[in-house]
2 protein chains.
Amino acid sequence: MNRAGNPTISDVAARAGVSVPTVSRVLTGAARVSPAKRELVEAAIADLGYRPSAAARALVSRKPQTIAIIAGNTSRYGYAETIRGIEIAARAEGYTVMITVVESADEDEVDRAIEATLTQPLAGVAVLKFDPAGVAALGKIPGHLPVVALSGVREPDTAQAVLDEAAAAEELTDYLLGLGHRTVHHVRVPPSRKVDGRTTGWRRALRRAGADIPPVLDATWDPKSGIAIGRALAADPAVTAVFCGNDEIAMGVMRGITEAGLRIPGDISVAGFDDNPLAELWTPPLTTARQDFATLGRRGFQLLLDAVNDTADRRYSTERPQLVIRDSTAPPSPERGPAGA
Amino acid sequence: MNRAGNPTISDVAARAGVSVPTVSRVLTGAARVSPAKRELVEAAIADLGYRPSAAARALVSRKPQTIAIIAGNTSRYGYAETIRGIEIAARAEGYTVMITVVESADEDEVDRAIEATLTQPLAGVAVLKFDPAGVAALGKIPGHLPVVALSGVREPDTAQAVLDEAAAAEELTDYLLGLGHRTVHHVRVPPSRKVDGRTTGWRRALRRAGADIPPVLDATWDPKSGIAIGRALAADPAVTAVFCGNDEIAMGVMRGITEAGLRIPGDISVAGFDDNPLAELWTPPLTTARQDFATLGRRGFQLLLDAVNDTADRRYSTERPQLVIRDSTAPPSPERGPAGA
DNA sequence: GTGAAAGCGCTAACAG
DNA sequence: CTGTTAGCGCTTTCAC
């Protein structure tokens, strides 16, 4: 019995009438134990409600069963779902999950957060590279620790699971262009770096089609920031289609457009990105690209596990978000566009 | 140097030319060290990039700096925000956070999850008692471990932080009644137990006003489950006001009502609960009760910390959600209601 | 197969 | 103030 009142391995050994290493053997299955003693040990474990100490185990075996997730945020839709995916996969493999939030890319803050985390006995680290904070954090992880980056720009030296946002954004923009829009305006969410997959894909489609490339409009993560942008967009008669960096911003933009007295998709088509669970319920239901964040998380954990076990056959995993066409997009109205007004 | 390539405390001691305990002393600040040696040690720590091992520390000092959060879900709005609140408060106090998800109240699953968690050296546990899984998990935590329950029914023997949902639901129902509605229908989200604060407050207001108490309608956590309910509600001419267990369900219900050809709030008023960030952007903007989950999480962590340090002056903390009146509610239309049709 | 002995990295007495 | 001595709870040699 230790001070916390928990039975220890030697309590179990005493009760079973065997040595401590024997108990350890039935616990780990590392070596064979006679059925008789094994049974004795198991009974003692059950009687005492014994639970091995992860701290002691990690200390001596150097095989921690904990992974850390480093994220810039835990409650926004994409982040939360990705974390959920990692957690589910980790739990299935017997790993416990630790969460560290890095709210900004501020060097001190990143250092402090990483420092606190690395103090733990960790099998590996998963970094959500969705924002500058994630990018900064990734750079601070010591090289000897297995790491996987989730999303973001391609990392040369790190295992990485991504969603091919650029391809999906390109497809979505193509679809809008195919509807007859002369060009597509773009509202961006805060990018993790200078380059942003969604913006890149959008630009690529426009360029390929020989369409005008309007200046990018920047929103914050707060959906309300889309309202003013929506109003401004509505005031410009050249605007007939808008592609937003995520569904929440699209919802704000739609509200701004509606408040300005225009209709969606009658006057302006609006598309989002992510397929937030509420996108489908919106009025009108939102056209978007479905990002399967939970699967991203699962794939990421698999890559991390491969790195931990050194069984990495591939270190990169990508998946393409699916276009989901609903009612917020339609062919342009004849009254609007560069010709009209 | 250990096998993982990390410097250990004895590497630091060697490099600084002092004994291991002296290094420990500068690390913990437990005893005074001469400025000269302290400087030597600090230099060695910096040179080596030394980081103390939390496993070894927890093992010997019995003061783990980790808390576990047990939750039935991590990505739904209320859960995610609460977790975020706990994490922020914990980080500020130097605690690391571990997350354990218990997806169902299934005994085996709860046991497995708790088991894995308790293996870690833990200072305490915060349980999100939002659902049956949380309730089941709370019952399994060994008594000697500091615990705080977040939300849910009052716990006699546990520190607990709650949001007074019953009072807020009552206020919201009163408001609807005050608008002139004969009664208010209620769509419930899955309750954590038989009693549910939101439902209780709604019933209390109705009873106090001497209004009819219509049967409760049950939705799942999926916002889409509200659609069919909304359609059914629209088909009943006696329905003029609906109070939904959360904003997401309200959005589904509103869509069902709209699809049935009725208008909100013209024909039916709809109110939600929580004040999801998107509630304000909805069409029409949703009347709801704002639940400050992040603060709930912070208060919960404070209570847990008090329990850990045994400085608990109070073991219960409650806060009342604020009514947020927007455009989805209005006086009843003369064409509907028990008199009309 | 099984026990005795050693030691993971660290902090807590205990001398001095 | 500082070094020496123990020992946390567990796994890993290494004999037998």
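In what follows, chains carry the letters A, B, and so on, assigned in the order in which the sequence lines appear, proteins first and then strands, with residues in each chain numbered from 1.
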*Between A:Arg91 and B:Glu109, does a salt bridge (charged side-chain N to carboxylate O under 4.0 Å, His left out) hold up when you go through it step by step?*
CA-CA 11 Å; A:Arg91 179 151 38 93; B:Glu109 183 179 351; 3.6 Å; yes

*Give the C-alpha distance, both sets of side-chain angles, the deciding distance and a yes or no for side-chain contact (heavy atoms from CB on, under 4.5 Å) between A:Arg193 and A:Val135.*
CA-CA 8 Å; A:Arg193 271 188 174 160; A:Val135 173; 3.2 Å; yes

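With sequence neighbours excluded, the residues that form a salt bridge (charged side-chain N to carboxylate O under 4.0 Å, His left out) with A:Glu42 are A:Arg38. Scanning for salt bridge (charged side-chain N to carboxylate O under 4.0 Å, His left out) contacts around B:Arg57 gives an empty result, with sequence neighbours left out. Under the salt bridge (charged side-chain N to carboxylate O under 4.0 Å, His left out) criterion, B:Arg51 pairs with A:Glu115, sequence neighbours left out.
Contacts with DNA chain D (heavy atom under 4.0 Å) in residues 34-41 of chain B: B:Ser34, B:Lys37, listed by number.
Taking the nucleotide of DNA chain C with the nearest heavy atom to each of A:Ala56 and A:Val20, the more 5' of the two is matched to A:Val20. Comparing A:Val33 and B:Leu27 by the nucleotide of DNA chain C that holds the closest heavy atom to each, the one mapping nearer the 5' end is A:Val33.
When each of D:dG3, C:dG3, D:dC10 is scored by its nearest atom to the side-chain atoms of A:Tyr50, the top-ranked nucleotide is D:dC10. Here the side chain of B:Val60 is nearest to one of C:dG9, D:dG9, C:dT2, namely C:dG9. Counting only heavy atoms from C-beta on, B:Pro21 has its side chain closest to D:dT4 among C:dG9, D:dC10, D:dT4. Candidate nucleotides D:dC10, D:dT12, C:dC10 were compared by shortest atom distance to the side chain of A:Ser53, and D:dC10 ranks first. The side chain of B:Leu59 has D:dC8 as its nearest neighbour among D:dT12, D:dC8, D:dC10.
Rounded to an integer number of Å, the gap from A:Ile9 CD1 to D:dT11 C1' is 8 Å. Distance B:Asp11 CG to C:dG9 P: 8 Å, rounded to the nearest Å. For B:Asn6 and C:dC8, the CG to C1' distance is 13 Å, given to the nearest whole Å. Following rounding to the nearest Å, A:Lys63 (NZ) and D:dC10 (P) show an atom-to-atom distance of 16 Å. If you measure from atom CD of B:Gln65 to atom P of C:dT11, you get 12 Å, rounded to the nearest angstrom.
Put simply, B:Thr8 has no side-chain N or O that comes within less than 4.0 Å of OP1 or OP2 on C:dG9. Applying the 4.0 Å criterion to OP1 and OP2 of C:dC10, one finds that B:Ser61 has every side-chain N and O outside that range. Proximity of B:Arg57 to the phosphate of C:dC10: no side-chain N or O atom is located under 4.0 Å from OP1 or OP2.
End-to-end axis angle of the helix from C:dG1-D:dC16 to C:dG16-D:dC1, from C1' rotation axes over five pairs per end: 40° (rounded to 10 degrees).
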Indicate every side-chain donor-acceptor pair of residues 22-30 of chain A with a distance under 3.5 Å to a residue at least two apart or in another chain.
| from | atom 1 | to | atom 2 | distance (Å) |
| --- | --- | --- | --- | --- |
| A:Thr22 | OG1 | A:Ser19 | OG | 3.2 |
| A:Thr28 | OG1 | A:Ser24 | O | 3.0 |
| A:Thr28 | OG1 | A:Ala30 | N | 3.2 |

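The OG1 atom of B:Thr117 lies 11.5 Å from the CD1 atom of B:Ile69; values are rounded to the nearest 0.5 Å.
Within the cation-pi definition used here (under 6.0 Å to the ring centroid, within 45° of the axis), B:Arg84 does not qualify as a partner of B:Phe293.
Within 4.0 Å of A:Val23, counting heavy atoms only, lies no atom of the nucleic acid at all.
Within 6.0 Å of atom CZ in A:Arg32, 12 or fewer heavy atoms from other residues, nucleotides or ligands are found, so the atom counts as exposed in its surroundings.
A donor-acceptor contact under 3.5 Å links the side chain of B:Arg25 to the base of D:dG3.
Close placement of the A:Tyr95 and A:Phe301 rings is indicated, their centers lying within 6.0 Å of each other.
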